[in-house]
Engineer: 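Structure in C-alpha coordinates, see below.
Please read all numbers here as calculations on a predicted model, not as lab measurements. Per chain, numbering begins at 1; letters A, B, ... match sequence-line order.
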2 protein chains.
Amino acid sequence: MIMRQLVAELFDCNAGIEDVDALLETAKRAAERAGATTIGEAHAEYQPHGLTAIVFLAESHILLTTWPEIKLLMVDVLLCNPDMSTATVLEEIKAQFCPDGTARTREVERVISTTPDELGDGDG
Amino acid sequence: MIMRQLVAELFDCNAGIEDVDALLETAKRAAERAGATTIGEAHAEYQPHGLTAIVFLAESHILLTTWPEIKLLMVDVLLCNPDMSTATVLEEIKAQFCPDGTARTREVERVISTTPDELGDGDG
(Lines give C-alpha, C1' and ligand atoms only; values in the text may rest on other atoms or scores of the structure.)
Protein backbone atom coordinates (compact mmCIF):
# COMPACT_ATOMS: atom_id res chain seq x y z
CA MET A 1 0.00 0.00 0.00
CA ILE A 2 1.29 3.44 -0.90
CA MET A 3 0.10 6.28 1.32
CA ARG A 4 0.71 9.95 0.59
CA GLN A 5 2.02 12.05 3.45
CA LEU A 6 1.11 15.70 3.06
CA VAL A 7 3.95 18.09 3.88
CA ALA A 8 3.34 21.82 3.91
CA GLU A 9 4.69 25.17 4.93
CA LEU A 10 2.09 27.86 5.59
CA PHE A 11 3.36 31.45 5.43
CA ASP A 12 2.00 34.71 6.88
CA CYS A 13 0.20 32.97 9.73
CA ASN A 14 -1.58 34.80 12.55
CA ALA A 15 -0.70 34.92 16.25
CA GLY A 16 -2.84 31.83 16.87
CA ILE A 17 0.22 29.72 16.08
CA GLU A 18 1.67 30.80 19.44
CA ASP A 19 -1.24 29.17 21.27
CA VAL A 20 -0.72 25.46 21.81
CA ASP A 21 -4.34 24.87 22.78
CA ALA A 22 -5.55 26.53 19.59
CA LEU A 23 -3.14 24.42 17.54
CA LEU A 24 -4.22 21.16 19.15
CA GLU A 25 -7.92 21.99 19.00
CA THR A 26 -7.65 22.94 15.35
CA ALA A 27 -5.71 19.80 14.49
CA LYS A 28 -8.32 17.65 16.25
CA ARG A 29 -11.15 19.44 14.48
CA ALA A 30 -9.34 19.01 11.16
CA ALA A 31 -8.90 15.30 11.86
CA GLU A 32 -12.57 14.97 12.64
CA ARG A 33 -13.51 16.75 9.43
CA ALA A 34 -11.40 14.24 7.51
CA GLY A 35 -13.13 11.37 9.31
CA ALA A 36 -10.09 10.43 11.41
CA THR A 37 -10.08 9.50 15.09
CA THR A 38 -7.88 11.29 17.63
CA ILE A 39 -6.25 8.97 20.17
CA GLY A 40 -3.80 11.33 21.88
CA GLU A 41 -1.85 14.58 21.78
CA ALA A 42 1.44 16.04 22.95
CA HIS A 43 3.58 19.11 22.49
CA ALA A 44 6.88 20.73 23.30
CA GLU A 45 7.66 24.43 23.58
CA TYR A 46 10.79 26.19 22.47
CA GLN A 47 12.50 29.20 24.03
CA PRO A 48 11.97 32.04 23.36
CA HIS A 49 9.10 30.98 21.05
CA GLY A 50 7.79 28.28 18.78
CA LEU A 51 6.41 24.85 19.47
CA THR A 52 5.84 21.39 18.06
CA ALA A 53 2.43 19.82 18.57
CA ILE A 54 1.26 16.37 17.54
CA VAL A 55 -2.17 14.82 17.42
CA PHE A 56 -2.00 11.04 17.35
CA LEU A 57 -4.68 9.51 15.17
CA ALA A 58 -5.94 5.97 14.79
CA GLU A 59 -4.91 6.59 11.16
CA SER A 60 -1.43 8.01 12.06
CA HIS A 61 -0.79 11.69 12.90
CA ILE A 62 -0.94 15.44 12.36
CA LEU A 63 2.29 17.20 13.29
CA LEU A 64 2.56 20.99 13.54
CA THR A 65 5.72 23.03 14.06
CA THR A 66 5.52 26.79 14.47
CA TRP A 67 7.97 29.63 14.01
CA PRO A 68 5.94 32.61 15.26
CA GLU A 69 8.82 35.01 14.77
CA ILE A 70 8.55 34.51 11.01
CA LYS A 71 4.80 33.65 10.97
CA LEU A 72 5.53 30.15 9.70
CA LEU A 73 3.53 26.99 10.38
CA MET A 74 4.86 23.67 9.16
CA VAL A 75 2.41 20.78 8.75
CA ASP A 76 2.86 17.03 8.28
CA VAL A 77 -0.23 14.86 7.86
CA LEU A 78 -0.27 11.11 7.40
CA LEU A 79 -3.62 9.31 7.17
CA CYS A 80 -3.36 5.57 6.69
CA ASN A 81 -6.82 5.29 5.19
CA PRO A 82 -6.96 6.03 1.47
CA ASP A 83 -10.56 7.24 1.78
CA MET A 84 -9.52 10.14 4.04
CA SER A 85 -8.26 13.45 2.65
CA THR A 86 -5.08 15.05 3.94
CA ALA A 87 -6.07 18.12 1.91
CA THR A 88 -9.16 18.51 4.10
CA VAL A 89 -6.93 18.54 7.18
CA LEU A 90 -4.64 21.17 5.69
CA GLU A 91 -7.57 23.30 4.55
CA GLU A 92 -8.96 23.46 8.09
CA ILE A 93 -5.59 24.36 9.59
CA LYS A 94 -4.86 26.99 6.96
CA ALA A 95 -8.32 28.56 7.36
CA GLN A 96 -7.72 28.93 11.09
CA PHE A 97 -4.19 30.24 11.15
CA CYS A 98 -3.13 31.43 7.72
CA PRO A 99 -6.28 32.31 5.76
CA ASP A 100 -4.53 34.91 3.61
CA GLY A 101 -1.10 33.33 3.47
CA THR A 102 0.66 31.27 0.86
CA ALA A 103 0.86 27.49 1.21
CA ARG A 104 3.65 25.37 -0.16
CA THR A 105 2.50 21.75 -0.22
CA ARG A 106 3.70 18.47 -1.60
CA GLU A 107 3.04 14.78 -1.08
CA VAL A 108 5.57 12.18 -0.01
CA GLU A 109 4.93 8.54 -0.82
CA ARG A 110 5.12 6.23 2.17
CA VAL A 111 5.31 2.50 1.57
CA ILE A 112 3.23 0.41 3.97
CA SER A 113 4.47 -3.02 2.97
CA THR A 114 6.90 -5.77 3.86
CA THR A 115 9.25 -4.66 1.06
CA PRO A 116 9.83 -1.56 -1.06
CA ASP A 117 9.01 -3.64 -4.16
CA GLU A 118 5.53 -2.20 -4.35
CA LEU A 119 7.09 0.94 -5.78
CA GLY A 120 7.51 1.08 -9.50
CA ASP A 121 10.02 3.91 -9.70
CA GLY A 122 12.89 2.50 -7.64
CA ASP A 123 13.70 5.88 -6.12
CA GLY A 124 14.95 4.55 -2.84
CA MET B 1 16.84 28.63 5.14
CA ILE B 2 16.16 25.29 3.49
CA MET B 3 16.24 22.27 5.81
CA ARG B 4 16.10 18.68 4.63
CA GLN B 5 13.67 16.39 6.43
CA LEU B 6 14.71 12.77 6.24
CA VAL B 7 11.87 10.39 5.51
CA ALA B 8 12.45 6.64 5.55
CA GLU B 9 10.84 3.26 5.61
CA LEU B 10 12.90 0.49 7.20
CA PHE B 11 11.90 -3.05 6.23
CA ASP B 12 12.50 -6.43 7.90
CA CYS B 13 12.78 -4.94 11.37
CA ASN B 14 13.10 -6.98 14.56
CA ALA B 15 10.63 -7.34 17.44
CA GLY B 16 12.20 -4.34 19.17
CA ILE B 17 9.82 -2.13 17.23
CA GLU B 18 7.01 -3.41 19.46
CA ASP B 19 8.73 -1.96 22.54
CA VAL B 20 7.96 1.71 23.04
CA ASP B 21 10.73 2.17 25.60
CA ALA B 22 13.27 0.72 23.19
CA LEU B 23 12.04 3.01 20.42
CA LEU B 24 12.21 6.13 22.57
CA GLU B 25 15.59 5.24 24.08
CA THR B 26 17.03 4.55 20.65
CA ALA B 27 15.64 7.79 19.22
CA LYS B 28 17.13 9.76 22.11
CA ARG B 29 20.49 8.05 21.71
CA ALA B 30 20.36 8.74 17.97
CA ALA B 31 19.60 12.40 18.65
CA GLU B 32 22.51 12.62 21.05
CA ARG B 33 24.84 11.03 18.49
CA ALA B 34 23.79 13.72 16.00
CA GLY B 35 24.48 16.43 18.59
CA ALA B 36 20.80 17.27 19.13
CA THR B 37 19.08 17.95 22.47
CA THR B 38 16.00 16.02 23.59
CA ILE B 39 13.35 18.20 25.27
CA GLY B 40 10.43 15.76 25.48
CA GLU B 41 8.80 12.56 24.28
CA ALA B 42 5.36 11.08 23.72
CA HIS B 43 3.72 8.09 22.12
CA ALA B 44 0.43 6.46 21.22
CA GLU B 45 -0.32 2.76 20.88
CA TYR B 46 -2.57 1.13 18.33
CA GLN B 47 -4.74 -1.93 18.72
CA PRO B 48 -3.92 -4.73 18.18
CA HIS B 49 -0.34 -3.59 17.51
CA GLY B 50 1.81 -0.74 16.28
CA LEU B 51 2.69 2.61 17.75
CA THR B 52 3.76 6.14 17.00
CA ALA B 53 6.54 7.62 19.12
CA ILE B 54 8.00 11.11 18.98
CA VAL B 55 11.08 12.61 20.53
CA PHE B 56 10.88 16.39 20.66
CA LEU B 57 14.25 18.01 20.07
CA ALA B 58 15.49 21.55 20.53
CA GLU B 59 16.23 21.21 16.80
CA SER B 60 12.75 19.77 15.92
CA HIS B 61 11.85 16.07 16.11
CA ILE B 62 12.30 12.35 15.44
CA LEU B 63 9.02 10.59 14.67
CA LEU B 64 8.74 6.79 14.51
CA THR B 65 5.72 4.77 13.39
CA THR B 66 5.77 1.00 13.59
CA TRP B 67 3.85 -1.76 11.86
CA PRO B 68 5.13 -4.86 13.70
CA GLU B 69 2.83 -7.18 11.78
CA ILE B 70 4.79 -6.42 8.60
CA LYS B 71 8.12 -5.62 10.34
CA LEU B 72 8.00 -2.03 9.11
CA LEU B 73 9.43 1.04 10.86
CA MET B 74 8.73 4.47 9.40
CA VAL B 75 11.04 7.33 10.35
CA ASP B 76 10.80 11.12 9.98
CA VAL B 77 13.71 13.26 11.16
CA LEU B 78 13.91 17.03 11.03
CA LEU B 79 16.95 18.78 12.49
CA CYS B 80 16.88 22.55 12.21
CA ASN B 81 20.62 22.86 12.48
CA PRO B 82 22.47 22.39 9.21
CA ASP B 83 25.54 21.09 11.03
CA MET B 84 23.63 18.06 12.35
CA SER B 85 23.21 14.89 10.32
CA THR B 86 19.82 13.26 9.90
CA ALA B 87 21.67 10.32 8.34
CA THR B 88 23.43 9.73 11.66
CA VAL B 89 20.04 9.52 13.37
CA LEU B 90 18.73 7.05 10.82
CA GLU B 91 21.89 4.96 11.01
CA GLU B 92 21.52 4.52 14.76
CA ILE B 93 17.84 3.57 14.50
CA LYS B 94 18.44 1.14 11.64
CA ALA B 95 21.35 -0.52 13.47
CA GLN B 96 19.14 -1.14 16.48
CA PHE B 97 15.98 -2.38 14.84
CA CYS B 98 16.63 -3.31 11.22
CA PRO B 99 20.34 -4.11 10.86
CA ASP B 100 19.81 -6.52 7.98
CA GLY B 101 16.78 -4.88 6.39
CA THR B 102 16.39 -2.61 3.41
CA ALA B 103 15.99 1.13 3.89
CA ARG B 104 14.09 3.40 1.56
CA THR B 105 15.10 6.99 2.27
CA ARG B 106 14.58 10.38 0.72
CA GLU B 107 14.89 14.01 1.74
CA VAL B 108 12.09 16.56 1.72
CA GLU B 109 12.96 20.25 1.55
CA ARG B 110 11.39 22.35 4.29
CA VAL B 111 11.45 26.12 3.92
CA ILE B 112 12.17 28.00 7.15
CA SER B 113 11.47 31.51 5.92
CA THR B 114 8.86 34.24 5.79
CA THR B 115 8.05 33.37 2.17
CA PRO B 116 8.57 30.42 -0.18
CA ASP B 117 10.66 32.69 -2.42
CA GLU B 118 13.87 31.21 -1.09
CA LEU B 119 13.19 28.21 -3.30
CA GLY B 120 14.51 28.37 -6.78
CA ASP B 121 12.46 25.60 -8.34
CA GLY B 122 8.95 26.85 -7.67
CA ASP B 123 7.61 23.38 -6.97
CA GLY B 124 4.89 24.44 -4.61
Engineer: Between A:W67 and B:S113, is any pair of side-chain heavy atoms under 4.5 Å apart?
Structural biologist: no
Engineer: Can you tell if the side chain of B:V7 reaches within under 4.5 Å of the side chain of A:V7, non-hydrogen atoms only?
Structural biologist: no
Engineer: Report the option among A:T65, A:D12, A:V75 that has the most heavy-atom pairs separated by less than 4.5 Å from atoms of chain B.
Structural biologist: A:V75
Engineer: Would you check if A:I112 and B:M74 make a side-chain contact, meaning some heavy-atom pair closer than 4.5 Å?
Structural biologist: yes
Engineer: Could you grab the distance from atom CG of A:D117 to atom OG1 of B:T102, nearest 0.5 Å is fine?
Structural biologist: 8.0 Å
Engineer: How long is the gap from OG1 on A:T114 to NZ on B:K71, to the nearest 0.5 Å?
Structural biologist: 9.5 Å
Engineer: To check you understand the geometry: which heavy-atom pair defines the closest contact between A:V108 and B:V108, and what is its length?
Structural biologist: CG2-CG2, 3.7 Å
Engineer: Report yes or no: does B:Y46 contribute a side-chain atom to a donor-acceptor pair with the main-chain N or O of A:L57 at less than 3.5 Å?
Structural biologist: yes
Engineer: If hydrophobic clusters are built from ILVMFWY residues whose side chains come within less than 4.5 Å, do A:I39 and B:L23 share one?
Structural biologist: no
Engineer: Name the option with the most non-hydrogen atom pairs under 4.5 Å to chain B; the candidates are A:A42, A:G40, A:A44.
Structural biologist: A:A44
Engineer: Can you tell me which portion of A:C13 sits under 4.5 Å from chain B's heavy atoms? Options are side chain, backbone, both or neither.
Structural biologist: neither
Engineer: What part of B:T52 is in contact with chain A, defined as an atom under 4.5 angstrom from a non-hydrogen atom: side chain, backbone, both or neither?
Structural biologist: both
Engineer: Within the structure provided, determine whether B:D76 and A:Q5 are in side-chain contact (heavy-atom separation under 4.5 Å).
Structural biologist: yes
Engineer: Verify the neighbour count for atom CD of A:E69: are there more than 12 heavy atoms of other residues, nucleotides or ligands below 6.0 Å?
Structural biologist: yes
Engineer: Tell me whether B:L73 is reachable from B:F11 by hopping between hydrophobic residues (I, L, V, M, F, W, Y) whose side-chain heavy atoms are closer than 4.5 Å.
Structural biologist: no
Engineer: Measure distances from B:Q47 to the heavy atoms of chain A and classify the residue's part below 4.5 Å as side chain, backbone, both or neither.
Structural biologist: neither
Engineer: Is it the case that one hydrophobic cluster holds both B:L90 and B:L79, taking links as side-chain heavy atoms less than 4.5 Å apart, direct or via other members?
Structural biologist: yes
Engineer: Could you give me the CA-CA distance, side-chain angles and deciding distance for A:I54 and B:L63, then say whether side chain to side chain contact (heavy atoms under 4.5 Å, CB included) is met?
Structural biologist: CA-CA 10 Å; A:I54 188 167; B:L63 179 66; 3.8 Å; yes
Engineer: Okay, side chain of B:R104, backbone of A:R110: is any donor-acceptor separation there less than 3.5 Å?
Structural biologist: no
Engineer: Report whether B:L72 and B:L64 are members of the same hydrophobic cluster (ILVMFWY, side-chain heavy atoms less than 4.5 Å apart, transitive linking).
Structural biologist: no
Engineer: Can you confirm whether more than 12 heavy atoms, excluding those of A:E107, are under 6.0 Å from its CD atom?
Structural biologist: yes
Engineer: Same cluster or not: are A:F56 and B:V20 linked, directly or through other Ile, Leu, Val, Met, Phe, Trp or Tyr residues, by side-chain heavy atoms under 4.5 angstrom apart?
Structural biologist: no
